[in-house]
Trainee: 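Got a structure for you, written out below as C-alpha cells; questions coming shortly.
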Amino acid sequence: MFYDVRWVHAFEDDHAEGDVYRPAAGTFPLARRPREAFELHRDGSALVFQGGPDDRSMADDATWTDTPKGIVVVDARGGVLYRIVERTPTQLIVRRD
Amino acid sequence: MAKKHRTGGVTLHRSCGAMAAHMMLLEMHPAFRAAQMRLEGATSKRRDAGAAKKARVVVIKTVVHVVYRTPDENISAAQIKSQISALNKDFRATNPDKSQTPVPFKGLVSDARITFKLVKVTRTKTASNGFSFDDKVKKASTGGIAPYLPKTHMNLWVCALTGGLLGYAQFPGGPVNTDGVVCNYLAFGTSGTAQAPFNKGRTATHEVGHYLNLRHIWGDTPDCSGSDMVADTPNCAGPNFGTPAWPVVTCNNGPNGDMFMNYMDYTDDAGMFMFTAQQVLRMRTTLDTVRAGLT
C-alpha cells in the first residue's frame with residue numbers, strides 16, 4: 001500500500017507539517033485545478049503527474065531515493081520535486097523544500 | 001500575455017513538466033504538431049493584420065454524450081439545455097455578471113460571436129464508476145461512446161470523473177477519434193446535479209476555450225516566463241483560485257494585476273466572466289482554419 005499506488009494531492013487538507021497526498025482510489029472534492037499526483041515503483045523509478053495546458057494530467061518520468069530525511073523524488077533533470085516525511089497506508093505528508 | 005525571452009540570440013523557454021509532456025505529445029503526433037503550427041502561423045498573421053471586419057455569428061452544432069452508471073449521472077434534458085444556454089451567453093458576452101469586470105479591463109470584454117446549437121444527445125450506460133483523463137469515455141470498448149461526426153460537430157461528453165476533476169479538452173488538430181470536451185456531471189450546466197461553486201456552466205466554457213485553441217492565461221509555467229500567446233491578457237505568475245479580490249498583482253503587472261476573471265483562469269464559476277479581443281481572434285482563426293468544418 002505504498003509502492004505502485006497513485007498518490008494524489010488532497011490540497012484542501014494541507015497543513016503546517018506539509019502537503020497531504022492520498023491514494024487515488026479515494027474520493028476528492030471538485031477542483032478546477034488538476035491535482036498533482038505521483039507513483040513510486042520498487043525499482044527506483046517514479047511517475048509524476050501535473051496538470052497540462054488542456055487540463056488533463058500529464059505524466060513525467062522521475063526517480064526516488066530513500067534518505068535519512070525521507071524519500072526524495074527528483075525529476076529527470078535532478079531537481080527535487082517532493083520529500084516524503086511521513087507515511088501511512090492512507091496518507092503521505094510531503095514537503096517541497 | 002505574449003512573451004519572448006532572448007539571450008544572445010537564443011530564444012529561451014522555461015516550462016514545467018506538464019508543458020514538457022504536452023510538447024512530447026505533439027512530437028508523438030506529427031499531424032497534431034503540424035496543425036498546431038499552421039494554426040499559430042495563421043493566428044499571428046491575422047493579429048498582425050490589425051482590426052478585421054466584424055465577424056459573422058457562427059453556429060456550432062453540438063452533440064452531448066451522457067455516459068452514466070447511476071440515475072443521478074444520467075442528467076436531465078433541462079440540465080443539458082442549461083449548459084447550452086450558459087455557453088451561448090458566455091461566447092456572446094451577454095452574461096450579466098460581466099458587469100463585475102474591473103474598470104481597467106472593461107474595454108477588453110469581447111463577444112466571440114459564437115453560438116452553440118444542441119443537435120443530438122446520446123445516453124450510454126456504463127459500468128465505470130468514474131472516468132479519468134485517459135479518453136476511455138470516448139470509446140465504446142472502454143465503457144464510453146465514440147464521437148459523432150467530430151469534423152463537423154463539437155462533441156461534449158458528460159460523465160463521472162475521478163479525483164475531483166472538472167473536465168478536460170483537446171486542442172485543435174489532435175486525433176479525430178478523441179476530439180471534443182469532457183465535463184464532470186457535477187460541474188455541468190446550471191441546474192440538476194451541478195454543484196457550487198461550479199454550477200454556472202463555466203467548466204464547459206473554459207474547456208471549449210481550449211477546444212478553440214485558448215491557453216491558460218498564465219501560460220502553464222510555474223513562474224512569469226509562460227505565455228498564453230495572447231497580447232491583451234496581462235502576464236501573470238500562475239493560476240488563481242476561488243473568487244479573488246481585485247487586484248492580484250504578480251509578475252510586475254500592477255496596478256491592474258492578473259486578469260483572474262478571465263474564463264481561462266482557474267477561478268470558481270462565479271469568479272470568471274470574460275474573454276478578451278485577442279482571445280476571440282484566436283478562437284475565430286481556429287474556426288476559419290483547423291476547425292472550419294464546424295461552421
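Residue numbering restarts at 1 for every chain, and letters A, B, ... go by the order of the sequence lines.
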Trainee: Just to be sure I understand the criterion: a residue of residues 80-95 of chain A counts if one of its heavy atoms is under 4.5 Å from a heavy atom of chain B. Which ones qualify?
Mentor: none
Trainee: Would you mind telling me which of B:D268, B:N240, B:D269 makes a side chain to side chain donor-acceptor pair (under 3.5 Å) with A:R32?
Mentor: B:D269
Trainee: Search all heavy atoms of B:D220 against all heavy atoms of A:P53 and return the closest pair with its distance.
Mentor: OD2-CB, 3.3 Å
Trainee: Please rank B:L165, B:T203, B:N184, B:L214 by heavy-atom pairs under 4.5 Å with chain A and give me the top one.
Mentor: B:T203
Trainee: Could you tell me the separation between the CZ atom of A:R33 and the CG atom of B:L166, rounded to the nearest 0.5 Å?
Mentor: 12.0 Å
Trainee: Could you measure the distance from the NE2 atom of B:H216 to the CG atom of A:D54? Nearest 0.5 Å is fine.
Mentor: 8.0 Å
Trainee: Give, as side chain, backbone, both or neither, the part of B:M264 having an atom under 4.5 angstrom from any heavy atom of chain A.
Mentor: neither
Trainee: Non-hydrogen atoms of chain A under 4.5 Å away: do they reach the side chain of B:Q170, the backbone, both or neither?
Mentor: both
Trainee: So for A:T27, is it side chain, backbone, both, or neither that comes closer than 4.5 Å to the heavy atoms of chain B?
Mentor: neither
Trainee: Is chain B contacted by the side chain of A:R22, its backbone, both, or neither, given a heavy-atom distance below 4.5 Å?
Mentor: neither
Trainee: Salt bridge between A:R56 and B:D134, side-chain N to carboxylate O under 4.0 Å?
Mentor: no
Trainee: How about residues 188-201 of chain B versus chain A: which residues have heavy atoms under 4.5 Å apart?
Mentor: B:Q195, B:F198
